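Take a look at the structure below.
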Amino acid sequence: MSVSRERWSSDFSRWFDWVIEEAEIYDYGRYPVKGMGVWMPFGFQIRRRIIDIIRELHDSRGHEEVLFPILIPETLLRKESEHIRGFEGEVYWVTHGGLEPLDIKLALRPTSETNITYYESLWIKSYKQLPKKYYQIVSVFRYETKATRPMIRVREITTFKEAHTVHASFSDAERQVLEAIEIYKNLFDKLGIPYIISRRPEWDKFAGALYTIAFDTLMPDSRVMQIGTAHHLGQNFTKVFDFKIQLADGSLDYPWQTSYGVSDRVVASLISVHGDDRGLVLPSIIAPIQVIIIPIPIGLEEEKKTILEEARRIADLLKSSGFRVRVDDREELRPGAKYYYWEVRGVPIRIDIGPEEVKSRVYTVVRRDTLEKYKVSEDKLISELKAIIEDIDSHLSRRAWQSMKSAIKRVRTLKELEEWAKYKRGIVEVPWCGKEECAHRVEETLEVKTLGTPWPEERAEGEYCPICGLKAVTWARYAKTY
RNA sequence: GGGGCCGUAGUCUAGCCUGGCUAGGAUGCAGGGCUUGGGCCCCUGUGGUCCCGGGUUCAAAUCCCGGCGGCCCCA
């Protein structure tokens, strides 16, 4: 048996709403504030496992976790002019304390470059303290004017991992951007989420950055979603905060900064890229429960008892080998109902234990991704489960990567581009002269967004921009985006 | 930013156009019975500010205005 992905791909938007509700991940649309949802226990566990990985990746590379206040005074937020220009339209302001109007409005942080730089300027005085890498995992608020969507475009981003680093030189900050990219590659690889890395075009870089490197992934509806960004901030913030350090030669200079972030969208993309018509399919590293055991109690009371005991014995056996396992011993549900229940929650492995299994000690093992069934004897159970789980994980990742790669098309002529536009499925790469107006022309006529240029940089030798006909310097990527 | 559709028990939904009966059903939930190898069945019960505010009317879930919220399409 295999699982169809018909609804998942052809009606993705509805599928997503359905799955986050049905799997009890995120309760959205009932909270009486637009663009805000509630993480339910099962969703919270998934989110927490992702956060654990994120922490590990940052800690192991010398990042230090901190926690800054949620409120940023207007005076601080306005220091960097490009920055505030980029965020002004979507800041929530706290204007009153009780009945008193505040002298200085307080922003609910949309991101924390400003208040963190302010503190860095107090804490860091010498090049010897550098590089310095801080991060925090917090809620940030953005008054989204576009249509909000659960987890994907929300007004409270509840899981915003933002790293902020300080460096003695431009090149060390640039090296830090590379480290950020490595961290994110690592993260997404662990989750089996495919990505394409682009340097965002000038007009779409982070407000206040020199440049932005972005991770995008392909969603089931063939649209592209940004799932991570890394910014070289140059000295833009350190200058306006008059943040100087002393260098080896005794001189004073403004240090260099980077910042990089991922959000709730990591969870959203994990759910999306691996799912199918039956619901979630979770990689084992994330699955809160990796093995669900379903007892199938048939016959006399005595026999039912034996079956349940056998289920618990196997559960203990697996637990002692490090599996996260649970017996679904609820009496009010029939086995079939339990299958659906755990399938929608993406549990990688199911084991059925009924009279047959008790007698033979050969167990029925079902994998979530393909619904293939295996008969496994007790002595081989642990090793087989490990092998199957490993196979599921690699299958999920391979499948997701394949579908993204197959959605990337390179075209060279206007005609090919227009041909592609008829379908607009995925990402198209076009030789580009580097002029903004040519990219905008493509955006307007094809109704797509510029993702940017390939990272690492790729020259387009001997290619010509199909818009203006001039020599192309690189490739530009376009897609329908979230 | 522009346009469209929508809001009725926890969830889905009928009723709305054409105002008037105790707001009907399914699912869920609780209790009971029967069952259990892919969402069993039966009985009983429970659950409603008909999104909010205002207006029209003898009378509003229904018509009108405003707000809030959701979904979809387009920029």
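Residue numbering restarts at 1 for every chain, and letters A, B, ... go by the order of the sequence lines. These figures come from a predicted structure and were not determined experimentally.
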Next item on the list: Using the ring-ring contact (aromatic ring centres under 6.0 Å, His included) rule, collect all pairs that involve residues 23-46 of chain A, keeping only residues at least two apart or in two chains.
Entry: A/Tyr26-A/Trp39
Margin query: Quick test of the criterion, 5.5 Å between centres and less than 30° between planes. Is A/Tyr339 stacked on B/rG38 or not?
Written below: no
Next item on the list: Assign each of A/Val33 and A/Glu21 to its nearest nucleotide of RNA chain B by heavy atoms, then name whichever residue's nucleotide is nearer the 5' end.
Entry: A/Glu21
Note to self: Please give me the minimum heavy-atom distance between A/Lys480 and A/Val448, naming the atom from each residue.
What the structure shows: N-CG1, 4.1 Å
Notebook entry, point to check: Considering only heavy atoms and no angle criterion, is a donor-acceptor pair shorter than 3.5 Å present between the side chain of A/Arg149 and the base of B/rG70?
Noted result: no
Notebook entry, point to check: Ignoring hydrogens and angles, does a donor from either the side chain of A/Glu343 or the base of B/rG38 sit under 3.5 Å from an acceptor on the other?
Noted result: yes
Note to self: When you compare the side chains of A/His231 and A/Ser259, does any donor N or O come within less than 3.5 Å of an acceptor on the partner?
What the structure shows: no
Notebook entry, point to check: Can you list the stems that include RNA chain B, where a stem is three or more consecutive Watson-Crick or G-U pairs with distances under 3.5 Å?
Noted result: B:1-7 with B:68-74, B:10-13 with B:24-27, B:28-33 with B:41-46, B:51-55 with B:63-67
Checklist line | For atom CD1 of A/Ile298 and atom P of B/rU35, their distance in whole Å | finding: 13 Å
Note to self: Looking only at the side chain of A/Tyr28 (C-beta and beyond, no hydrogens), which of the listed nucleotides B/rG69, B/rC71, B/rG38 gets closest?
What the structure shows: B/rC71
Note to self: Given 3.5 Å as the limit, does a donor-acceptor pair link the side chain of A/Lys205 with the main chain of A/Ala209, or not?
What the structure shows: yes
Check: Do the side-chain N or O atoms of A/Arg30 get closer than 4.0 angstrom to the phosphate oxygens (OP1, OP2) of B/rG69?
Finding: no
Margin query: Between A/Tyr195 and A/Trp401, is the ring centroid distance below 6.0 Å?
Written below: yes
Item checked: Donor-acceptor pair present, A/Glu357 side chain and B/rG37 base, under 3.5 Å -> yes
